[in-house]
Amino acid sequence: MASVKPSVPKGMRDFSPAEMVKRNYIFDTIKSVFRKFGYQQIETPTMENSATLMGKYGDEGDRLIFKVLNSGDYLSKAQPEWLGSTNAKLTNHISEKALRYDLTVPFARYVVQHQNDITFPFKRFQVQPVWRADRPQKGRYREFYQCDADVVGSNSLLNEAEFILIYDEALSKLGLTNFTIKINNRKILAGIAEIIGKPELIVDMTVAIDKLDKIGLDGVVNELLTKGFTREDIDRLEPVILLQGANAEKLEKLKTILSASETGLKGIAELETILSYLQSFTLIKATVEVDITLARGLNYYTGAIFEVKTNETVMGSIGGGGRYDDLTGMFGLKGLTGAGISFGADRIYDVLEELKLFPEASNQTTRVLICPFDAAGETYALPLLQQLRTASINAELYPAGAKIKKQLDYANNKNIPYVVVIGSDEVQSGQLTLKNMQTGEQQKLSADNILAVVK
RNA sequence: GUAGGUAUAGCUCAGUUGGUUAGAGCAUCGGUUUGUGGUACCGAGGGUCGUCGGUUCGAGCCCGAUUACUUACCCCA
């Protein structure tokens, strides 16, 4: 067979042992916080039926879904007219499955499919990879992990307040000290579009004002003009998007501006309720900021929306979420409300790496390496090896036959702190040589004493 | 979908206005040291210079195409 240059597909990555230790540290931290707030873990399959996914993320989203080719000789069943039609239609015939694009839609499917077995409100979390056929760039991959927590069947705004507490606790535990949880409400955005008199352009409006801190006011104005807004519309919009002040202050001003919009006022009231819940709790490190320009792309959000940004480094958002009133409606279950949040674990990894926030000890896995000089030493070492493991000490035995130099190199590269050297002297005397790899000190000890020292 | 950048050893990269046998560091293996690592010294293996074509007496270098990777935009975690 011809040798193939080893490589992985675009936007996808291998993870080394050292990286996995750090990744698991992030996942474990987030999961433990989810559990603390009463969320239970589920998993869903890597692939969903295309029909489950398609149409849930907008046209742009559909384009970014990885489709999986049918098995078997699908072309033999092909009809001639398929080839003449659009790409999308042909795809429907030769691909019935697709890789999951996020965790929320599969979760909605799960809830509807298992509704009879679920006690509501149902609080679940899920940590799995998702795939997007996007152009990769910094902080964007084609395969990446999401850590989602969602609750369905409860319209209480306490859930939203708790999401903020979850963000605060998890990110603080990971060592971040300066991050902002931005909060907005889709109803407020709808109210603004209503007041301007262009409710049908709400999506274009939110996409444009979302870019305020990126392209500035002039950029936003230009984009709005190309999307069909007039000068007068923008004049009315400008005071809203430039709103300054403390959260309560912003909401008071908004009440005046949106006084004619019932929807808008409802959105404001919701935010006020969430903020009042938070007054009974103490946040560890997070700053909560009402940000009217926060939009979020997904079109199924209907109430509160969140986005988390770190202020210590340049990085896109590291988390987001919101409330969606009718996600399960797409699968035939009406009237079930839900809300959820997501952590972008891969981006959090990049941030912790950049800020050097990973704990130092996390790159040790094996605690003791036994280095035998010969086969006799190896045999002699076996009972000690088991004793160490029985005592819950991570231990390994370097197979006999290699030079000691090579064995110590191995211990070095794996960051193993203790080495036990066993040669003919040790076998004869029963006094084994224990070497501390950090200090270089050696001492002769019995097997029992070694256990006590390395413990 | 749009616009740039890059492609030379396992990895990170040098390589002069186009000139003879393409280099370094790291990594690997061996040795100095037959029972002791991280430092030092000596040595070895490893490259059809992404691919195809063109210009030229001569191309790693110039030109064209192509593929892959990458950055930014759109969109998004």
Side-chain angles (χ1 to χ4, degrees), chain A residues 3-13 16 26 30 57-65 87 101-104 127-148 203-204 206-208 210-211 214-215 219 223 226-227 295-299 306-310 314-321 340-351 369 371-374 376-377 398 400 402-427 432-442 444:
Chain A
S3 78
V4 178
K5 189 178 182 188
S7 64
V8 295
K10 190 198 304 197
M12 304 192 175
R13 300 159 295 161
S16 68
I26 293 174
I30 293 171
Y57 310 102
D59 292 342
E60 183 74 17
D62 282 357
R63 214 164 52 82
L64 299 181
I65 293 173
N87 203 338
Y101 178 89
D102 69 359
L103 301 177
T104 309
V127 177
Q128 289 189 269
V130 303
W131 291 267
R132 296 188 186 176
D134 208 353
R135 289 278 167 87
Q137 46 191 272
K138 187 177 169 65
R140 294 177 68 169
Y141 309 100
R142 288 187 148 188
E143 178 182 51
F144 61 96
Y145 274 72
Q146 285 190 333
C147 311
D148 273 29
V203 173
D204 288 327
T206 54
V207 167
D210 188 38
K211 294 177 194 158
K214 210 167 174 184
I215 60 177
E223 180 159 340
T226 66
K227 296 290 183 184
R296 306 223 12 105
L298 296 175
N299 31 28
F306 309 104
E307 186 158 287
V308 187
K309 281 194 165 150
T310 166
V314 181
M315 177 61 72
S317 72
I318 55 175
I341 55 167
S342 179
F343 286 83
D346 300 84
R347 285 191 175 172
I348 291 172
Y349 182 101
D350 292 346
V351 170
L369 177 72
C371 301
F373 275 96
D374 47 30
Y398 200 104
K403 292 184 173 173
I404 282 299
K405 176 174 160 55
K406 192 168 162 58
Q407 301 191 34
L408 292 177
D409 269 335
Y410 177 84
N412 257 339
N413 288 332
K414 275 186 92 170
N415 240 327
I416 298 173
Y418 290 104
V419 157
V420 177
V421 181
I422 303 182
S424 52
D425 296 352
E426 285 83 358
V427 170
L432 311 178
T433 303
L434 176 70
K435 186 180 177 79
N436 180 321
M437 291 299 279
Q438 267 119 51
T439 62
E441 287 169 37
Q442 291 193 181
K444 294 265 187 178

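Values below: every heavy atom of this structure, side chains too, minus hydrogens, waters and symmetry copies. Each chain gets a letter, A, B and so on, in the order its sequence line appears, and its residues count up from 1.
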Checklist entry - Looking only at side-chain N and O atoms, does A:Q137 come under 4.0 Å of OP1 or OP2 in B:A72? => result yes

Checklist entry - Does a side-chain N or O from A:K405 land closer than 4.0 Å to OP1 or OP2 of B:U34, or not? => result no

I'd like the [atom1] distance from [M] over to [N], given in whole Å.
N	M	atom1	answer
B:C26	B:U16	P	24 Å
B:U66	B:G5	P	15 Å
B:U36	B:A7	C1'	44 Å
B:G45	B:U34	P	25 Å
B:C76	B:A68	C1'	24 Å
B:U28	B:G1	P	43 Å
B:U33	B:A24	P	27 Å
B:G60	B:G15	C1'	8 Å

Which nucleotide, if any, forms a Watson-Crick or G-U wobble pair with [N], using both distances under 3.5 Å?
N	answer
B:A44	B:U28
B:U55	none
B:C61	none
B:U70	B:G4
B:U21	none

Per [X] side chain, nearest of listed nucleotides [options]:
X	options	value
A:K403	B:A77, B:G31, B:C74	B:G31
A:K211	B:U36, B:A72, B:C75	B:C75
A:K138	B:U36, B:A77, B:U71	B:U71
A:P136	B:A77, B:U70, B:U36	B:U70
A:D134	B:U36, B:A72, B:C75	B:C75
A:F373	B:G37, B:C74, B:G35	B:G35
A:L408	B:G37, B:A77, B:A72	B:G37
A:D409	B:G35, B:A72, B:G37	B:G37

Next on the checklist: On RNA chain B, compare the nucleotides closest to A:K406 and A:D425; which residue's is nearer the 5' end?
Outcome noted: A:K406

Spacing between [X] atom [atom1] and [N] atom [atom2], to the nearest angstrom:
X	N	atom1	atom2	answer
A:D374	B:U36	CG	P	14 Å
A:Y410	B:C29	OH	C1'	18 Å
A:I416	B:G37	CD1	C1'	12 Å
A:R142	B:C75	CZ	C1'	14 Å
A:Q407	B:U33	CD	P	21 Å
A:I404	B:U34	CD1	P	13 Å
A:M12	B:U70	CE	P	11 Å
A:E441	B:G37	CD	P	17 Å

If you take all heavy atoms of [X] and [Y], which pair is closest and at what distance?
X	Y	answer
A:A295	A:D210	N-OD1, 3.4 Å
A:E307	A:S317	CG-CB, 3.4 Å
A:C147	A:A345	SG-CB, 3.9 Å
A:R13	A:D346	NH2-OD2, 2.5 Å
A:I404	A:C371	CD1-CB, 4.0 Å

Item to check | Check: B:G37 base within 3.5 Å donor-acceptor of A:Q438 side chain | outcome: no

Checklist entry - Has the side chain of A:R135 got a donor or acceptor that lies under 3.5 Å from a partner of the other kind on the base of B:U2? => result yes

Is [X] touching bases, backbone alone, or none of the nucleic acid, heavy atoms closer than 4.0 Å?
X	answer
A:K435	base
A:V130	nothing
A:E143	nothing
A:G61	nothing
A:Y141	base
A:Q442	base
A:D346	nothing
A:K309	nothing
A:N412	base

Item to check | Cationic tip of A:R132 above A:F144 ring, under 6.0 Å, 45° of axis | outcome: no

Next on the checklist: Quick check against the 3.5 Å criterion: does A:D148 have a side-chain atom that pairs as donor or acceptor with the backbone of A:F343?
Outcome noted: no

Checklist entry - Within the side chain of A:Q442, is there an N or O that forms a donor-acceptor pair under 3.5 Å with the backbone of A:N436? => result no

With the criterion being N/O to N/O and under 3.5 Å, what pairs connect the protein with nucleotides 65-69 of chain B, and how long is each?
residue : atom : partner : partner atom : Å
B:C69   : OP1  : A:K10   : N            : 3.2

Checklist entry - Should the ring pair A:Y398 and A:Y410 be called parallel, tilted or perpendicular, given that the plane angle runs from 0 to 90° and is split at 30 and 60? => result perpendicular

Next on the checklist: Looking at A:K435 and A:E441, is there a salt bridge between them, counting it only when a charged N and a carboxylate O are closer than 4.0 Å?
Outcome noted: no

Checklist entry - Is it true that A:R140 and A:D134 make a salt bridge, defined as a side-chain N closer than 4.0 Å to a carboxylate O? => result yes

Checklist entry - A:F343 on top of B:A77's base, within under 5.5 Å and under 30°? => result no

